[in-house]
Structure formats: C-alpha cells, structure tokens
2 protein chains.
Amino acid sequence: MKPTRLHKLPDALRKELHQARLSRGWSQLELGRRVGLPQMHVSAIETGRTVPRFDTLLELVRVLDRDLVLVPRALVPAVNALVRDYRRQEGKADDVGEETSLYADDGSETPRGTM
Amino acid sequence: MKPTRLHKLPDALRKELHQARLSRGWSQLELGRRVGLPQMHVSAIETGRTVPRFDTLLELVRVLDRDLVLVPRALVPAVNALVRDYRRQEGKADDVGEETSLYADDGSETPRGTM
DNA sequence: GATACTGATATAGGATTCCATATGAAACCC
DNA sequence: GGGTTTCATATGGAATCCTATATCAGTATC
C-alpha cells in the first residue's frame, strides 16, 4: 500500500541528462569515465531502469555543467522561466530545447494521496 | 583512488532540510510518516550518515513544500538570489535564513581533479 | 519517581545501487 | 567482409540504502 517513493527519475530530468550529454558529443562511456561510472550504469540511469543516489546524480549533472538546486515550490515557475530565458539568449544551439519542470510529466503529482 | 562520488549530502542541503522540518513543527517521526520513511532513516539522512536515493530525497523536499530543480551552472547565483529575495518578502518567519548554493560548503568543488 | 516525546544509535535482513566484465545489435567507416 | 563506435543487456558480487524493532539520553510534565 505504502507508495514507497517514485522509484524512478522524473522523465524530464532523464531527457535533460540525455540531451546534455549528446550536445557535448559524449558517449555514455565518456560520460561515465568522467564521473567514475561504468557505461552500463549510465545506460541504466538514462533509460530509467535505475534510480541513482543523490550524490551520483549530482556528479552527473555537474560534469554536464548543471546543478541541482533546492527551491521553494512557489518559486519553481519563476526559476523555470529564468532557465528558459537563459537558453534562448545564451545557449541557443548549446543544448536541447526543454525546460519543463521536474513536476508535470512524471505522472504522479501527489503519490501518497494522504490529503 | 577513484573519488567515487561525494558520498554525502551537501551540508547546506542537510541544514535546509532540518530547518524546514522544524519550521513546520514536525518531528522526525512525523516527517517520516508522511513519506513512508522510518524515523531512524530520517535521522540518518539529517545527520549525514547516509546519502538517500534521488527519489527519496525528492519525496522529502516536496513534503516540505520545496523542489529540486536542474539549472545551468551559470544560473545558480541568479536562482539563489531569487530564493533569497522570496524569503525576505514572503517567508519572513517561515523558515531558516539560509540560501547558500549546493556548491560552496561541501568542501569538494572539483572532487575528481581531472581538469 | 513515573510517563511521554524527541532524537540518535544498534542490530539484522531485504532490496537495490553500483562495480567489473562480457555479449549482442545497430550504425558507421574502410 | 572486416573493423570501429555506440548503446542495451546479462551475470556475479560488493556496498549501502531501506525496513523493522529496540535501546538510550535528554527534556518536559505530572
């Protein structure tokens, strides 16, 4: 019964990870080499077959020149707007075109239903 | 040799988690109950004795009305400014006074040294 | 003193991440 | 055809997250 976690990475995050890697021209092997992860594990994370520990994910996003920031929920739209804006101006061809929140497309807004 | 991950949560994040819980008047038991985690595990995470999986941490911060957002590294200062501003205006007595980046005080900026 | 609440710690077991190595498929090149 | 690169998958094992229960110290209240 207990919904024990999401048990998966938000799809948006996975896609971002994937696109960020491709935009650098890095293979899974190359990305894994830079953080000390076997290619198999990078594959498992990207395809959503495994949920990494927080420190593992943090290493990955940092090598890809990103960061995971803790923000008040009410500020998430503003932050996303900031990111979207940044990409339009500076990172035009640098990356993907995605800026969706971690919310939205993991299909489980309130997974525990204890309202 | 291989610096295998940070192996711990950034201190700033741990402190934020702790303060956010206290500001709600929740005990570790209460917080754990809301996400399906035993009190012992909440304690282990808050004291830095364990690094949670990403989905576990995401559940925790969401119950505390926060979110983990992936942002380009160059945007981290701007996002932090946004958060700091928000707290000064809306969340005056709502929470802690911290807004430091996930960077800075974990003592390991470039843990793999492969520059 | 007795009871209750909070937080940290201990042990033991199950589940999963993570590591190391190898293989197969698909898409490229020569 | 042969070779290379990329990615998904398989197996076996080590590390650790996570669960469950119990104990202990500190604080507060009766």
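Chain A is the first sequence line, chain B the second, and so forth, proteins listed ahead of strands; every chain is numbered from 1.
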Checklist line | Under 4.0 Å protein heavy-atom contacts per nucleotide of nucleotides 25-30 of chain D, with B for base, S for backbone only and - for none | finding: ------
Notebook entry, point to check: B/Leu17 has an atom CG; how far is it from atom C1' of C/dG7, in whole Å?
Noted result: 15 Å
Checklist line | Interatomic distance, B/Lys8 NZ vs D/dC17 C1' [rounded to whole Å] | finding: 18 Å
Check: Atom CG of A/Asp55 to atom P of D/dA15: distance rounded to whole Å?
Finding: 16 Å
Next item on the list: For DNA chain C, find the residues of residues 39-51 of chain B with a heavy-atom distance under 4.0 Å and give them by number; none if there aren't any.
Entry: B/Gln39, B/Met40, B/Ser43, B/Thr47, B/Arg49
Check: In terms of the nearest nucleotide of DNA chain C, which residue is placed more toward the 5' end: A/Pro38 or B/Leu22?
Finding: B/Leu22
Note to self: I'd like to know if B/Lys8 and A/Asp55 make a salt bridge, using a cut-off of under 4.0 Å between side-chain N and carboxylate O.
What the structure shows: no
Margin query: Taking B/Glu30 first and then B/Arg33, would you say they form a salt bridge - that is, a charged N and a carboxylate O separated by under 4.0 Å?
Written below: yes
Check: Given A/Asp65 and A/Arg24, is the side-chain contact (heavy atoms from CB on, under 4.5 Å) satisfied, shown in steps?
Finding: CA-CA 11 Å; A/Asp65 214 50; A/Arg24 317 228 149 188; 3.3 Å; yes
Margin query: Starting from A/Leu57, can I reach A/Met40 by hopping between I/L/V/M/F/W/Y residues whose side chains sit under 4.5 Å apart?
Written below: no
Item checked: d(CG, A/Leu29; C1', D/dT4) in whole Å -> 13 Å
Next item on the list: Taking side-chain hydrogen bond (donor to acceptor under 3.5 Å, both in side chains) as the test, write out the residues that go with B/Gln28, two or more places apart.
Entry: B/Gln39, B/Glu46
Note to self: Tell me whether the side-chain N/O atoms of A/Arg53 come closer than 4.0 Å to OP1 or OP2 in C/dC18.
What the structure shows: yes
Checklist line | Integer-rounded Å distance: C/dC5 P and B/Trp26 CH2 | finding: 19 Å
Item checked: Counterpart residues, side-chain hydrogen bond (donor to acceptor under 3.5 Å, both in side chains), relative to A/Thr47 (two or more places apart) -> A/Arg49
Next item on the list: Give the minimum heavy-atom separation between B/Ile45 and B/Arg14, together with the two atoms involved.
Entry: O-CD, 3.3 Å
Check: If you fit an axis to the five pairs at each end of the helix from C/dG1-D/dC30 to C/dT17-D/dA14, how big is the angle between those two axes, to 10 degrees?
Finding: 20°
Note to self: Can you measure A/Arg33 atom CZ to D/dT6 atom P for me and round it to whole angstrom units?
What the structure shows: 12 Å
Check: Over its full length, what angle do the end axes of the helix from C/dC19-D/dG12 to C/dC30-D/dG1 make, each axis taken from five pairs and the result rounded to 10 degrees?
Finding: 10°
Notebook entry, point to check: Which heavy atom in B/Val61 sits nearest to a heavy atom in B/Asp67, and how many Å separate them?
Noted result: CG2-CA, 4.2 Å
Checklist line | Cluster link A/Tyr86 to B/Val76, ILVMFWY, side chain under 4.5 Å | finding: yes
Note to self: Between A/Val79 and A/Val69, is there a side-chain heavy-atom distance shorter than 4.5 Å?
What the structure shows: no
Check: Do B/Leu68 and B/Leu31 sit in the same hydrophobic cluster, where Ile, Leu, Val, Met, Phe, Trp and Tyr count as joined when their side-chain heavy atoms come under 4.5 Å apart?
Finding: yes
Next item on the list: Heavy atoms only: give me the nearest B/Leu58-A/Pro10 pair and the separation to one decimal.
Entry: CD2-CG, 4.0 Å
Next item on the list: Answer yes or no: is there a donor N or O on one side and an acceptor on the other, between the side chain of B/Arg21 and the main chain of B/Trp26, under 3.5 Å?
Entry: yes
Note to self: Any non-hydrogen side-chain atom of B/Pro52 less than 4.5 Å from a side-chain atom of B/Leu9?
What the structure shows: yes
Notebook entry, point to check: Just how far, in rounded Å, is P of C/dT17 from CD of A/Glu59?
Noted result: 18 Å
Note to self: Less than 4.0 angstrom between a side-chain N/O of B/His7 and OP1 or OP2 of D/dT16, yes or no?
What the structure shows: yes
